[in-house]
Engineer: 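Input: one structure, supplied below.
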Amino acid sequence: MRVKITLFLTALSFLLTGCITSPQGLEKNRFSITDYRDISSQDLNCRCKTVRLGGKIIRSEILPNKTKIEVLSLPISNYSAKPIVESQSQGRFIAYFNGFIDPENLKDRYITLGGTLSGKEEGKIEQANYSYPVIQVENYRLWTLSKHYYYPPDDYWDDWGFWGWRHRARYNEPEIRYYLN
């Protein structure tokens, strides 16, 4: 009986692990650079490194035969490849897509992309000069930020006190948690 339970739990863990894999084409082992901070000036000049980066889309622009986006770089999860929303920004980069992508589909979205590092572009962030790494995108995945209300377990059990159950929404403030899906 114990062997059956062990086999069942092992199979279940493999099944659940499959649920948090990276999107196809964005697996971590396919890229030489997977963190914005690892990009060096030699990488920008060689134009030969493959990168997997992600973050929040700040701006998009339609150009002839391609789409340009500016991304606020965030660390991404090693397993799911989702940008980690609660993290501090690592910098900014520019990505070019072949063809047309409607800017309305990119507004207020998060992205994980994979492609080739193809140099740098000089620009400005307000009054400051900024050197953007440039990526030619091969694969990408757009994410939508969703909001969930969460009642901490301690607050939940406090509702079952001496006087009985109270309506939770009236007495306890929920925590708001954000997820990408």
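Keep in mind that the numbers below use all heavy atoms, side chains included, and drop hydrogens, waters and symmetry copies.
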Engineer: Under 3.5 Å, side chain of S118 to main-chain N/O of R47, donor-acceptor pair present?
Structural biologist: no

Engineer: Counting only heavy atoms not in Q24 (residues, nucleotides, ligands), do more than 12 fall under 6.0 Å from its CD?
Structural biologist: no

Engineer: Donor-acceptor pair, T67 side chain versus G99 backbone, under 3.5 Å?
Structural biologist: yes

Engineer: What's the separation between atom CD in Q90 and atom CG in D35, rounded to the nearest 0.5 Å?
Structural biologist: 4.5 Å

Engineer: Is there a donor-acceptor pair closer than 3.5 Å between any side-chain N or O of D43 and the backbone N or O of S40?
Structural biologist: yes

Engineer: For the pair R177 and E175, find out whether any cationic side-chain nitrogen is under 4.0 Å from an anionic carboxylate oxygen.
Structural biologist: yes

Engineer: Above 12 or not: heavy atoms from other molecules or residues under 6.0 Å from OH of Y110?
Structural biologist: yes

Engineer: Are Y96 and L106 in one and the same hydrophobic cluster, where Ile, Leu, Val, Met, Phe, Trp and Tyr link if side-chain heavy atoms are under 4.5 Å apart?
Structural biologist: yes

Engineer: Is it true that, when you exclude K107 itself, more than 12 heavy atoms of the residues, nucleotides or ligands shown sit nearer than 6.0 Å to its NZ?
Structural biologist: no

Engineer: Are more than 12 heavy atoms from other residues, nucleotides or ligands located less than 6.0 Å from atom NZ of K120?
Structural biologist: no

Engineer: Around atom CG of N129, are there more than 12 heavy atoms of other residues, nucleotides or ligands at under 6.0 Å?
Structural biologist: yes

Engineer: Taking R30 first and then E138, would you say they form a salt bridge - that is, a charged N and a carboxylate O separated by under 4.0 Å?
Structural biologist: no

Engineer: Would a distance-only check, ignoring hydrogens and angles, find a side-chain to backbone donor-acceptor pair under 3.5 Å from T112 to A81?
Structural biologist: yes

Engineer: Does either side chain, that of R92 or that of S73, offer a donor lying less than 3.5 Å from an acceptor on the other one?
Structural biologist: no

